[in-house]
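Every chain is numbered from 1 and lettered A, B, ... according to where its sequence line falls, protein lines coming before strand lines.
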Amino acid sequence: MYRTYWIAWGVLLALTLTMVVLDRAPLPYGVFLIVMLTAMLVKATVIAAYFMHLRFERWPLVLAIVLGLPINAAILYILIVPDARRIFEMINR
Amino acid sequence: MAIEILERPVAPAAHPVVPDYPLGAGWRKVMMWTFIITDGLLFAGFLASYGYARLSASRWPAQHDVFSLGYLAAMTFVLISSSATMASAVEAARLNQWKAVVRFTLLTLAGGTVFLGMQAYEWAHVIGEGATLVHNPWGDPAFGSYFFLLTGFHGSHVLTGLIVLGSTAVRSSRRRSSAEGVEMAGLYWHFVDLVWVFIFTLFYLV
């Protein structure tokens with residue numbers, strides 16, 4: 001397992017370096033955004049899967065986590081954002 | 001019924017999955033993950049409001065004019081490396097090699113301390129340039145607010161992690177820690193690393 005962790009470390013490091021180098025690359029903003037967000041999600045997946053062992057857990061726990069966070073975030077977003085918008089517009093009127 | 005559940009054996013650490021439990025993991029791990037999800041929601045909320053503020057801002061400064069990306073890459077390197085040493089500490093605990101656990105935990109602690117020191121230096125630099133919560137010399141006032149909010153909350157999580165790691169190191173050196181305990185400290189530390197991945201990309205790069 002030690003080996004797996006240090007391979008994950010290498011992958012994370014390589015991705016970070018790529019991101020920093022690409023920051024100065026002359027890319028259109030849309031492409032830049034997609035590349036950066038993809039790299040971010042790959043890094044997050046590597047950390048969750050290997051460092052946090054999700055790859056070795058049973059699927060009910062994995063689903064509870066991987067689906068639980070976005071579903072809860074979406075519910076909070078739907079409940080809070082319309083009201084926040086209303087107050088924001090009320091203040092700035 | 002309840003007593004029967006309580007009398008089940010305590011789950012061993014990490015990947016020997018416990019088939020008897022509903023989620024294949026002991027209650028400590030399930031509760032730790034529950035905490036991580038709720039704490040993740042906190043950062044998701046911050047990042048969502050940051051996105052909203054940034055899209056409605058008149059003039060958002062170019063990040064590489066304000067921060068040194070090389071310095072940030074070094075900070076990220078330190079944090080990722082400390083995550084790798086923490087994963088190694090969890091593995092050593094699973095293999096019952098407690099000397100290695102202490103060594104790897106102390107390495108992680110050192111990495112976390114360096115990261116926090118670098119963040120403090122960055123804050124001192126940004127404050128020295130005249131940035132406050134409501135004003136900054138580079139552009140929209142929200143830029144300063146969200147810089148201090150995001151990195152401040154992340155930094156406070158790192159600080160909490162350092163306390164947890166310190167106690168894990170001391171307990172492990174006295175052989176009073178369980179493999180599962182080290183694993184829980186590890187989960188928290190990796191979560192701090194995970195949050196940094198999002199802040200690094202969404203605040204400093206994109």
Side-chain angles (χ1 to χ4, degrees), chain A residues 1-13 15-17 19-24 29 32-33 35-37 39-48 50-66 68-70 72-77 80-81 84-85 88 92, chain B residues 13-19 21-25 29-30 33-34 36-38 40-41 44-45 47-49 52 56 63-64 69-70 72-73 76-77 79-81 83-88 90-92 94-95 100 104 183 186-187 189-191 193-198 200-202 204-206:
Chain A
M1 277 311 281
Y2 284 124
R3 208 166 147 256
T4 318
Y5 294 139
W6 290 98
I7 291 171
W9 172 77
V11 171
L12 290 170
L13 217 59
L15 278 168
T16 306
L17 280 179
M19 285 163 93
V20 171
V21 170
L22 281 182
D23 187 63
R24 292 301 176 108
Y29 193 68
F32 174 79
L33 209 59
V35 170
M36 287 300 179
L37 294 185
M40 175 184 85
L41 290 179
V42 172
K43 276 169 78 176
T45 310
V46 170
I47 292 175
Y50 291 97
F51 285 170
M52 298 174 104
H53 299 145
L54 273 192
R55 176 135 162 27
F56 313 102
E57 302 289 358
R58 271 189 163 190
W59 66 265
L61 181 67
V62 178
L63 279 188
I65 295 159
V66 174
L69 212 162
N72 278 297
I75 290 171
L76 284 176
Y77 189 86
I80 291 171
V81 166
R85 268 219 164 97
F88 185 76
N92 285 291
Chain B
H15 351 93
V17 162
V18 191
Y21 290 89
L23 295 172
K29 190 182 275 182
V30 173
W33 271 110
T34 308
I36 287 176
I37 287 176
T38 55
L41 285 173
L47 286 169
S49 83
Y52 193 78
S56 61
Q63 291 96 324
H64 52 240
L69 270 186
L72 281 163
T76 309
F77 168 75
L79 201 61
I80 288 175
S81 305
S83 236
T85 53
M86 193 63 220
S88 304
V90 173
E91 178 68 4
R94 195 175 70 87
L95 299 172
F104 279 126
E183 196 195 358
L187 273 181
W189 191 254
H190 298 314
F191 169 69
D193 188 21
L194 193 66
V195 169
W196 181 251
V197 167
F198 286 87
F200 176 69
T201 313
L202 296 173
Y204 290 105
L205 286 179
V206 165

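- You'll find the side chain of A:Tyr2 reaches within 4.5 Å of the side chain of B:Leu95, heavy atoms only.
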Intermediate values then yes/no, side chain to side chain contact (heavy atoms under 4.5 Å, CB included), A:Met40 and B:Val197: CA-CA 6 Å; A:Met40 175 184 85; B:Val197 167; 4.0 Å; yes
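- Using a 4.5 Å cut-off between heavy atoms, B:Phe200 touches chain A through its side chain atoms alone.
- Interface residue B:Phe198: backbone and side-chain heavy atoms are both found under 4.5 Å from chain A.
- The parts of B:Thr85 that come within reach of chain A are both its backbone and its side chain, each placing non-hydrogen atoms under 4.5 angstrom from that chain.
- Between A:Leu12 and B:Phe77, the closest side-chain pair of non-hydrogen atoms is not below 4.5 Å.
- For A:Val21, there are no side-chain contact (heavy atoms from CB on, under 4.5 Å) partners at least two apart in sequence or on another chain.
- Nearest heavy-atom pair, A:Trp9 versus B:Ser81, reported as atom, atom and distance to 0.1 Å: NE1-OG, 3.0 Å.
- Going from atom CG of B:Leu194 over to atom CE of A:Met52 covers 6.0 Å, rounded to the nearest 0.5 Å.
- Under the side-chain hydrogen bond (donor to acceptor under 3.5 Å, both in side chains) criterion, B:Ser49 pairs with B:Tyr146, not counting sequence neighbours.
- Of the listed residues (A:Arg24, A:Lys43, A:Met19), the greatest number of heavy-atom pairs within a distance under 4.5 Å of chain B belongs to A:Arg24.
- Between B:Val90 and A:His53 there is a side-chain heavy-atom pair separated by less than 4.5 Å.
- Nearest heavy atoms, A:Phe51 versus B:Ala84: CZ-CA, 3.8 Å.
- The contact between B:Thr76 and chain A is made entirely by side chain atoms (from C-beta outward), counting heavy-atom distances below 4.5 Å.
- B:Lys29 places a side-chain heavy atom less than 4.5 Å from the side chain of A:Leu61.
- Looking at B:Leu72, there are no atoms closer than 4.5 Å to chain A (heavy atoms on both sides), in backbone or side chain.
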